[in-house]
Amino acid sequence: MLHARSTPAAKRARLRADLAEGRLLRFPGALNPLSARLIAEKGFDGVYVSGAVLAADLGLPDIGLTTLTEVATRSGQVARMTDLPTLVDADTGFGEPLNLARTVQSLEDAGLAGCHIEDQVNPKRCGHLEGKAVVDLPAAVQRIEAAVKARRDPDFLLMARTDVRALDGVRAAVDRAKAYVDAGADAIFAEAMRDQREFEAIASAIDMPVLANMTEFGKSELLTTDQLADAGVQIVIYPVTLFRLAMGAAEAGLDELAAAGTQAGLVDRMQTRSRLYELVDYDGYEAFDSSVYRGP
Ligand SMILES: C[C@](O)(C(=O)O)[C@H](CC(=O)O)C(=O)O
Ligand SMILES: [Mg+2]
């Protein structure tokens, strides 16, 4: 509330300006709204809201069970924490063309800077698992066209994700990417490319920015920012990294608490009370209150 002062329109304009510079933009996935502030403090370019994390957070598999209301609410809570642009995973758009229109407008209203819409069938799967299927090209193009037509802020970044690489190879992914750009997509999320060469193939084939997904335990080699930039990638997401780190630490901590009968040995690995209060800007809220409240 006190830290983030930019309007959603300003954040979208900032993203467009950053993209125009042509450098690689790094978007770690938020673990929760507060972690967006950490991401900003550490100098990243934007915040990503992962569908996989959103689902896992609710104890659900990432198979299209979350609703538009849940995704818009949670991603809006993340976006309001930071002046950085926030991009959200809109899965398959929560339906077919009409639903896509509502999805895009809801995410604009929630203060997001952009979203990606994928060409998988419903129910969808994680892009790095076996057994995926995609809708045919005309149906996928209609999703993008509906999103473009419904968008009110021209700076809201509409990214088309293609999952076709894992099914039909890189050439098919390039063909899909071109068709989605023709349909009005502002960027292409090339899912499950295997290595730097494959990212390069897609980035050199289209004139729009390409997004690379550096998710762990998946099908893509974990490339460095230099390797991605050399391949011509313009946005990289680390969607589940913070979630995996936090859950790993939580599990190890519970083991130690159970074994030792005290958390005393864990305290030096914890975020301190004072660091937490700094992140939530405790002092800033108090100072604001005393600047405006003059008593009853
Ligand atoms: C990017 C992704 O869509 C997500 O929801 O974060 C996932 C990430 C993952 O499951 O590792 C994906 O389908 O790649
Ligand atoms: Mg997802």
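Values reported hereafter were calculated over all heavy atoms of this structure, with side chains retained and with hydrogens, waters and symmetry mates removed. Atoms within each ligand, like the ligands themselves, are counted from 1 in listed order. We're numbering straight along the sequence, starting at 1.
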Trainee: Any nitrogen or oxygen of Val240, side chain or backbone, less than 3.5 Å from one on ligand 1?
Mentor: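 No; every N/O pair is 3.5 Å or more apart.
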Trainee: Just checking, any donor-acceptor pair under 3.5 angstrom between side chains of Ser106 and Asp109?
Mentor: no
Trainee: Check this for me - ligand 1, Phe189, N or O atoms closer than 3.5 angstrom, yes or no?
Mentor: no
Trainee: For atom 10 (O) of ligand 1, which of the options Ser220, Cys126, Ala55, Gly218 provides the nearest non-hydrogen atom?
Mentor: Cys126
Trainee: Is the closest basic N to carboxylate O distance between Glu198 and Lys219 below 4.0 Å?
Mentor: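 Salt bridge between Glu198 and Lys219, a charged N being under 4.0 Å from a carboxylate O: no.
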Trainee: Looking at Asp89, pick out the N, O or S atom nearest to the Mg ion (ligand 2) and give its name.
Mentor: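 Per the distance ranking, Asp89 contributes OD2 as its closest N/O/S atom to the Mg ion (ligand 2).
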Trainee: Before signing off on this row, confirm whether Asn213 and ligand 1 have an N or O atom pair separated by under 3.5 Å.
Mentor: yes
Trainee: With only distance considered, is Gly127 within less than 3.5 Å of ligand 1 through an N or O on each side?
Mentor: yes
Trainee: Output the list of atoms in ligand 1 that are nearer than 4.0 Å to some heavy atom of His128, sorted by atom number.
Mentor: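 Going through ligand 1 atom by atom, the ones under 4.0 Å from His128 are 14 (O).
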Trainee: Where does Tyr48 meet ligand 1, judged by heavy-atom distances below 4.0 Å: at the side chain, the backbone, both, or neither?
Mentor: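 It is the side chain that touches ligand 1; the backbone stays farther off.
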Trainee: Verify the neighbour count for atom CZ of Arg152: are there more than 12 heavy atoms of other residues, nucleotides or ligands below 6.0 Å?
Mentor: yes
Trainee: Return the option from Arg161, Glu191, Lys132 holding the heavy atom at the smallest distance from atom 3 (O) of ligand 1.
Mentor: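 Checking each option, the heavy atom nearest atom 3 (O) of ligand 1 is found in Arg161.
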Trainee: Do Met247 and Leu242 belong together in a cluster built from hydrophobic side chains that touch within less than 4.5 Å?
Mentor: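 Linked within one cluster.
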Trainee: Is a donor from one side chain sitting under 3.5 angstrom from an acceptor on the other, for Asn213 and Glu191?
Mentor: yes
Trainee: What protein heavy atom lies closest to atom 6 (O) of ligand 1? Include the residue and the distance to one decimal.
Mentor: Ser50 OG, 2.6 Å
Trainee: Is there a polar contact between ligand 1 and Glu216, counting only N or O atoms under 3.5 Å apart?
Mentor: no
Trainee: Consider every N or O of Lys124 and every N or O of ligand 1, then say whether any pair is closer than 3.5 Å.
Mentor: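 It does not: no N or O of Lys124 is found under 3.5 Å from an N or O of ligand 1.
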Trainee: I'd like to know whether ligand 1 has Arg244 as a neighbour, heavy-atom separation below 4.0 Å.
Mentor: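 It does, in that a heavy atom of Arg244 comes within the 4.0 Å cut-off of ligand 1.
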Trainee: Distance alone, cut at 3.5 Å: any donor-acceptor contact between the side chains of Asp89 and Ser50?
Mentor: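 No - no donor-acceptor pair under 3.5 Å links their side chains.
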Trainee: Does one side chain, of Thr241 or Glu216, offer a donor that lies under 3.5 Å from an acceptor on the other?
Mentor: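 Side chains of Thr241 and Glu216: pair found under 3.5 Å.
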Trainee: Just let me know how Glu118 lines up against ligand 1, side chain, backbone, both or neither, with a heavy-atom cut-off below 4.0 Å.
Mentor: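 Neither part.
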Trainee: If you have a sec, work out which protein heavy atom is nearest atom 9 (C) of ligand 1 and how many Å separate them, to one decimal?
Mentor: Thr215 OG1, 3.6 Å
Trainee: Is any side-chain N of the basic residue among Asp186 and Arg16 closer than 4.0 Å to the acidic one's carboxylate O?
Mentor: yes
Trainee: Run the salt-bridge test on Asp163 and Arg176 with the 4.0 Å N-O cut-off and return the result as yes or no.
Mentor: no
Trainee: Please say whether more than 12 non-hydrogen atoms of neighbouring residues, nucleotides or ligands are located less than 6.0 Å from CG in Asp289.
Mentor: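 More than 12 within 6.0 Å, yes.
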